[in-house]
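Here is the structure we will look at, set down as structure tokens.
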Amino acid sequence: MQIEVLKSKLHCVRVTEANLNYMGSITIDEDLMDAVGLIAGERVFIVNNNNGERFDTYVIKGERGSGCICLNGAAARKVQVGDIVIIMSYAIMDYEEAKNFTPMVVFPDSNTNKIL
């Protein structure tokens with residue numbers, strides 16, 4: 001049996017930009033991507049702690065060290081700059097493997113999005 005489990009989580013990062021006029025996606029600081037094992041093009045699920053919105057999109061690499069969390073395209077309507085979001089990705093794996101799997105979870109500084 002295969003199941004879907006949490007793989008990566010950026011807990012409580014601050015939205016730094018919302019760009020309605022860009023094709024859909026979320027731009028994430030490459031340092032943050034590396035910290036939780038996200039790659040460009042990977043599907044992510046986003047929860048907005050400020051308004052309860054839940055949606056999914058895909059990752060684009062942002063400038064390393066910038067703290068960038070930018071929602072692009074239609075997703076830009078689901079956030080405002082300054083909102084706190086949780087970004088998660090999931091992996092499909094064998095049930096036995098999943099029992100021993102530990103997700104990569106990072107709690108960056110919610111003001112700067114820097115890894116503490």
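Note that the coordinates shown come from a computational prediction; the quantities given were computed from them, not determined experimentally.
- Within a 6.0 Å radius of OH in Y22, no more than 12 heavy atoms belonging to other residues, nucleotides or ligands are found.
- Using modelled atom types, no side-chain atom of S8 and backbone atom of M104 make a donor-acceptor pair closer than 3.5 Å.
- Residues passing the salt bridge (charged side-chain N to carboxylate O under 4.0 Å, His left out) test with R64 are E30, D31, D34, sequence neighbours excluded.
- With a 4.5 Å cut-off on side-chain heavy atoms, E42 and K7 count as touching.
- A donor-acceptor pair is defined here as one N or O able to donate and one able to accept, closer than 3.5 Å; no such pair exists between the side chain of N113 and the backbone of V13.
- With contacts defined as side-chain heavy-atom distances shorter than 4.5 Å, the pair P108/L32 qualifies.
- Side chains of N72 and T27: a donor on one and an acceptor on the other come within 3.5 Å.
- Side-chain atoms of N48 never come within 3.5 Å of backbone atoms of D83 as a donor-acceptor pair (strictly under, hydrogens ignored).
- Within the 3.5 Å criterion, the main-chain N or O of F45 finds no donor-acceptor partner in the side chain of D56.
- Under the 4.5 Å side-chain heavy-atom criterion for Ile, Leu, Val, Met, Phe, Trp and Tyr, L71 and V81 are members of distinct hydrophobic clusters.
- Each of N49, V47, I46 was checked for a side-chain contact (heavy atoms from CB on, under 4.5 Å) with V85, and the lone residue meeting it is I46.
- To the nearest 0.5 Å, the span separating OG1 on T16 from CG on D29 amounts to 9.0 Å.
- No chain of hydrophobic side-chain contacts below 4.5 Å, direct or via other Ile, Leu, Val, Met, Phe, Trp or Tyr residues, connects Y95 to I92.
- Rounding to the nearest 0.5 Å gives a distance of 13.0 Å between CD of E63 and SG of C70.
- Checked by atom type and distance alone, the side chain of R14 pairs as donor or acceptor with a backbone atom of S110 at under 3.5 Å.
- Atom NZ of K114 has more than 12 heavy atoms from other residues, nucleotides or ligands within 6.0 Å.
- Residues M88 and I86 form a side-chain contact, since some pair of their non-hydrogen atoms from C-beta on lies under 4.5 Å apart.
- No donor-acceptor distance shorter than 3.5 angstrom exists from the side chain of S25 to the backbone of I60, with no hydrogens or angles considered.
- Grouping the Ile, Leu, Val, Met, Phe, Trp and Tyr side chains by contacts below 4.5 angstrom, directly or via other members, places Y90 apart from V106.
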(Q) Pair T57, V44 - check side-chain contact (heavy atoms from CB on, under 4.5 Å), show working. (A) CA-CA 6 Å; T57 189; V44 289; 4.2 Å; yes

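- Of the possible donor and acceptor atoms, one in the side chain of Y58 sits under 3.5 Å from a partner among the backbone N and O of G24.
- Each of I87 and L6 belongs to its own hydrophobic cluster when Ile, Leu, Val, Met, Phe, Trp and Tyr are linked at side-chain heavy-atom distances under 4.5 angstrom.
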Q: Under the salt bridge (charged side-chain N to carboxylate O under 4.0 Å, His left out) rule, what do E53 and R77 come out as? Steps first, then yes or no, please.
A: CA-CA 10 Å; E53 288 280 359; R77 294 214 184 265; over 6 Å; no

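- Contact annotation: the side chain of I28 never approaches that of C68 to less than 4.5 Å [non-hydrogen atoms, C-beta and beyond].
- Note that the CE atom of M93 and the CD atom of Q2 stand 9.0 Å from one another [nearest 0.5 Å].
- The side-chain heavy atoms of D94 and M1, taken from C-beta on, include no pair separated by under 4.5 Å.
- In this structure, Q80 and V15 have side chains that are not in contact, with every pair of non-hydrogen atoms separated by 4.5 Å or more.
- In this structure, CG in L38 is found 11.5 Å from NZ in K61, a value given to the nearest 0.5 Å.
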